[in-house]
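Keep in mind it's a predicted model, so treat the numbers as computed, not measured.
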Amino acid sequence: MNAMDNRLTSPFILLKRAWSLALDKSNVGAYLALGAIPQVFSFGIAALLSYTAGGDASNLEANITTFLTNTNSWWLEGIIVVGLLILLIVSYVSMWYTALLYKVYEATAAGTRDRLTSYIQPARLVSMRLLTTYVKVGFFTMLGFLLLVVPGIIIAVRYMFAPIVAALEDPAVKPLKESERLTAGRFWKLVGRSILIVLCYNVPLSLLQSIHPLIGSVWAMTSPVFGLYFFLVYLDFKRTTITA
């Protein structure tokens with residue numbers, strides 16, 4: 001391998017490649033569907049909350065307070081249990097969807113993407129591993145922020161690749177340790193590539209949502225493209241770490 005093989009690819013090239021892959025006629029339908037799923041889910045939750053509040057979402061908090069005040073304790077215990085179960089189910093479904101995205105990203109980058117339904121079962125098999133990885137990363141990051149802000153930021157960056165490792169790599173590979181290995185000595189390079197997502201996705205999203213929520217939701221449908229970009233960043237770090 002020559003020296004050029006060990007150099008990280010420009011993040012702008014990776015972002016351009018992500019858009020090119022996602023907009024390819026063989027992939028664009030799948031990426032539109034993946035982007036639309038969270039938005040449909042969000043609209044459904046918003047509609048449910050609005051219905052619960054009697055057509056006015058602003059009354060939801062008052063309605064919940066009144067309900068809890070006038071409810072027997074055993075009902076409250078039941079509601080808490082049901083709430084926790086719902087939280088667990090939502091967390092699991094979220095992990096399943098995230099794992100599905102990673103499986104699609106992997107296949108897209110390799111040029112072997114199949115129907116989205118073919119990734120449902122593989123994603124389900126790694127959902128719990130992904131969930132436990134997020135819990136570990138969240139715990140260590142929170143601990144770092146409690147000690148001082150800077151350690152929390154360092155930990156968050158150090159473990160950025162852990163979820164991808166958990167979803168795609170061999171079970172014998174430990175996600176947190178592998179992420180540490182890939183990011184070692186390249187903290188600022190990963191920070192810069194992450195900031196690009198903020199500038200190109202999050203900032204426009206905030207501006208468009210301030211204009212109208214529906215416009216913001218349309219832009220939010222591009223999130224899988226930026227997810228694909230970050231996966232390409234992961235592959236680039238992996239490639240250069242292996243050959244270094």
Side-chain angles (χ1 to χ4, degrees), residues 1 3-11 13-15 17-18 21 34 91-113 119-147 150-198 223-244:
M1 297 289 180
M4 289 296 292
D5 292 328
N6 299 330
R7 294 177 57 183
L8 288 169
T9 306
S10 165
I13 292 177
L14 295 179
L15 183 59
R17 185 186 175 202
L21 287 171
L34 290 171
S91 298
Y92 180 80
V93 171
S94 177
M95 291 302 101
W96 167 80
Y97 175 74
T98 302
L100 177 67
L101 286 174
Y102 287 141
K103 296 293 184 181
V104 173
Y105 296 156
E106 182 181 43
T108 301
T112 58
R113 192 190 63 78
Y119 303 106
I120 292 178
Q121 180 65 8
R124 188 189 67 79
L125 294 176
V126 298
S127 294
M128 284 305 300
R129 187 180 188 219
L130 188 59
L131 178 59
T132 56
T133 298
Y134 270 112
V135 170
K136 291 177 182 178
V137 172
F139 172 77
F140 287 120
T141 302
M142 180 182 66
L143 187 61
F145 276 108
L146 289 176
L147 296 174
V150 174
I153 296 174
I154 294 174
I155 292 172
V157 175
R158 180 181 298 169
Y159 294 147
M160 273 188 178
F161 291 141
I164 300 178
V165 175
L168 301 178
E169 301 296 346
D170 189 276
V173 178
K174 296 182 178 180
L176 273 62
K177 286 189 175 181
E178 178 66 3
S179 185
E180 286 181 1
R181 186 180 75 88
L182 296 177
T183 59
R186 299 188 285 186
F187 176 87
W188 291 111
K189 292 183 182 296
L190 183 53
V191 169
R193 284 156 175 74
S194 302
I195 290 177
L196 185 59
I197 297 179
V198 175
S223 62
V225 182
F226 292 94
L228 175 60
Y229 156 75
F230 192 72
F231 176 75
L232 295 178
V233 170
Y234 163 74
L235 290 183
D236 199 37
F237 271 64
K238 183 179 178 180
R239 174 185 63 82
T240 54
T241 299
I242 291 175
T243 59

In terms of the angle between their ring planes, are F231 and Y234 parallel, tilted or perpendicular, with boundaries placed at 30° and 60°? tilted
Would you check if W96 and I120 make a side-chain contact, meaning some heavy-atom pair closer than 4.5 Å? yes
So does E180 get a backbone contact from the side chain of R158, meaning a donor-acceptor N/O pair under 3.5 Å? no
Applying the side-chain contact (heavy atoms from CB on, under 4.5 Å) test to V233, which of R193, K238, K189, M160 qualifies? R193
CG of L125 to CG of L130, rounded to nearest 0.5 Å, is 12.5 Å
What heavy-atom pair brings L131 and S91 nearest, and what distance separates the two atoms? CD1-CB, 4.4 Å
Look up atom OH in Y105 and atom CG in L100, then write down how far apart they are to the nearest 0.5 Å. 9.5 Å
Could you give me the CA-CA distance, side-chain angles and deciding distance for F187 and T183, then say whether side chain to side chain contact (heavy atoms under 4.5 Å, CB included) is met? CA-CA 6 Å; F187 176 87; T183 59; over 6 Å; no
Given the side-chain rings of F230 and F161, with only the six-membered ring counted for Trp, is the space between their centroids under 6.0 Å? yes
Looking at CG of L15 and OH of Y229, how far apart are the two atoms once the value is rounded to the nearest 0.5 Å? 6.5 Å
If I take atom OG1 from residue T9 and atom CZ from residue F237, how far apart are they, to the nearest 0.5 angstrom? 10.5 Å
Where the side chain of Y119 meets the backbone of Y102, is there a donor-acceptor pair that is under 3.5 Å apart? no
Roughly how far, to the nearest 0.5 Å, is the CG atom of L190 from the CG atom of L8? 9.5 Å
Got D236 and L232 here, is their nearest side-chain heavy-atom distance under 4.5 Å? no
Heavy-atom donor-acceptor pair, T132 side chain to M128 backbone, under 3.5 Å: yes
Please confirm whether the backbone N or O of Q121 pairs with a side-chain atom of K103, one donor and one acceptor, at under 3.5 Å? no
Could you go through F145 and I153, starting from their C-alpha distance and side-chain angles, then the distance that decides it, and tell me whether this counts as side chain to side chain contact (heavy atoms under 4.5 Å, CB included)? CA-CA 7 Å; F145 276 108; I153 296 174; 4.0 Å; yes
R186 and T240: side-chain donor and acceptor closer than 3.5 Å? yes
Taking all atoms of both residues into account, what is the closest heavy-atom pair of T133 and A166, and its distance? OG1-CB, 3.3 Å
Euclidean distance, T141 OG1 relative to L146 CG, rounded to 0.5 Å: 11.0 Å
Is the side chain of R239 donor-acceptor paired with the backbone N or O of R7 at a distance under 3.5 Å, no angle test? yes
